[in-house]
Amino acid sequence: MGYTITCFTSSVGSKAAGVQASPHRHLLLKSVSQFLSHLTLSHLNIYKTNKQRIHFFFPSKMADTGVVTVYGNGAIYETTKKSPFSVKVGLAQMLRGGVIMDVVTPEQARIAEEAGACAVMALERVPADIRAQGGVARMSDPQLIKQIKSSVTIPVMAKARIGHFVEAQILEAIGVDYVDESEVLTPADEENHINKHNFRVPFVCGCRNLGESLRRIREGAAMIRTKGEAGTGNIVEAVRHVRSVMGDIRVLRNMDDDEVFTFAKNIAAPYDLVMQTKQLGRLPVVHFAAGGVATPADAAMMMQLGCDGVFVGSGVFKSGDPVRRARAIVQAVTNYSDPDVLAEVSCGLGEAMVGIDLNDVKVERYANRSD
């Protein structure tokens, strides 16, 4: 099944503001990246979304300034017409409030979709197995990704090694909906990340702090996740990273504009993105939690700390009852502020995945693989 894209045009505003919008064209596409290849306008607003029907609203009168609106009055500049950053950010916003699950087979992908996951991440090995087996972790077999794509109707993500732009080219070519430039895989380049503006497919990247997140956004990441420590079943590092990002944003919000120059220099982040973050009071893109989420309580905690959604890696399919746990985590993210619901969905889930003590010096810290 593909995506049905309905485009609207109007002179000003949006239908939500009372302007009459007329259908412009309908496209049936197989993936988000295929939609982006059809896109000819550099600016859009999301009008309405649901599972497989995506409605976009295009203002027809628009100055060719290269400026696009992201989250209210904040603005971020596009670097090339080849990479419509506003579209990528808008597509990532569709996942807000959802759960993205790691899967290694089409059967697991169907379990994730039936549980209510908003997307799946296709891998050959979940992070816990990558830790246990060691060796070099690479991009998944494209044939496996194609099989997973054909088995579900929700978006399918896939991981590429840090700096490995050819793996990203392959993933884009086979039509994945998002690419995760992931520290869980063995880095291909220890100095440079992928220039994500060279791709039409949206990218997800990890961070440990505000500076790292804004550097990835400047490179073209349309979605940010905390790194945590994938494959450990231990939430402590994800909490540390979320609190670091949110804490820096709170400090930034109360800062005089004249002080932002020095703050941007100290965190090694682009000044314009730092100022945008200050104005918005949040990151300019969607911010998910990842790395160590293993229980409904873990997922709800990440949401209460201010994240837009949750990645779950080994926590589901390394547990005693993956089907029930998957549903429980989705329900926990949806009802993260309701303790009664959280208590109910946490009952009778079977054994959780075996966790790893991160105080053990022998445990490799994947989060430190890039900066």
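Computed over heavy atoms, backbone and side chain alike; hydrogens, waters and symmetry mates excluded.
The hydrophobic cluster containing V166 also contains V179, counting ILVMFWY residues as joined when their side-chain heavy atoms lie under 4.5 angstrom apart, directly or transitively.
For the pair R161 and D189, the salt-bridge criterion is not met [side-chain N within less than 4.0 Å of a carboxylate O]. Between E212 and R215, no side-chain nitrogen of the basic residue sits less than 4.0 Å from a carboxylate oxygen of the acidic one, so the salt-bridge criterion is not met.
At least one side-chain heavy atom of V184 sits under 4.5 Å from a side-chain heavy atom of I130.
Minimum heavy-atom separation, I217 to P284: CD1-CD, 3.9 Å. Closest non-hydrogen pair, V204 versus F311, comes out as CG1-CZ, 4.0 Å. Of all the heavy atoms in G97 and V333, the pair that sits closest is O-CG1, 3.6 Å. Taking every heavy atom of both residues into account, V245 and C207 meet most closely at CG2-SG, 4.0 Å. For S140 against L123, the heavy-atom pair with the smallest separation is OG-CA, 3.0 Å.
Atom CG of L171 sits about 11.5 Å away from atom CD of E181, to the nearest 0.5 Å. The distance from the CG atom of L144 to the NZ atom of K149 is 12.5 Å, given to the nearest 0.5 Å. Between Y336 atom OH and M302 atom CE the span is 13.0 Å, to the nearest 0.5 Å. Remark: R325 CZ to K318 NZ distance equals 14.0 Å, nearest 0.5 Å. For the atom pair CD (E124) and CG (D141), the distance works out to 5.5 Å, reported to the nearest 0.5 Å. The structure places OG of S150 at 9.0 Å from CD1 of I148, a figure rounded to the nearest 0.5 Å.
A parallel orientation is assigned to the rings of F261 and Y271, their planes being inclined by less than 30° (bins at 30° and 60°).
Heavy atoms of other residues, nucleotides or ligands lying less than 6.0 angstrom from CD of E344 number 12 at most. Annotation for E191: atom CD does not count as buried by contact number, only 12 or fewer foreign heavy atoms lying within 6.0 Å. Counting heavy-atom neighbours within 6.0 Å of Q304 CD, excluding the residue itself, gives a total above 12.
Each of R282, H287, Q93, R225 was compared with D308 under the side chain to side chain donor-acceptor pair (under 3.5 Å) criterion, and only R282 meets it.
Between the side chains of T153 and E113, a donor-acceptor pair is found at a separation under 3.5 Å.
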TODO: Just do the side chain to side chain contact (heavy atoms under 4.5 Å, CB included) check on T105 and Q147 with the steps written out, would you?
DONE: CA-CA 8 Å; T105 66; Q147 291 171 355; over 6 Å; no

Open item on the list: Before you tell me yes or no, could you show the steps for L95 and M223 under side chain to side chain contact (heavy atoms under 4.5 Å, CB included), namely the whole-Å CA-CA distance, both residues' side-chain angles and the distance that decides it to 0.1 Å?
Closed with: CA-CA 10 Å; L95 303 178; M223 182 178 182; 4.3 Å; yes

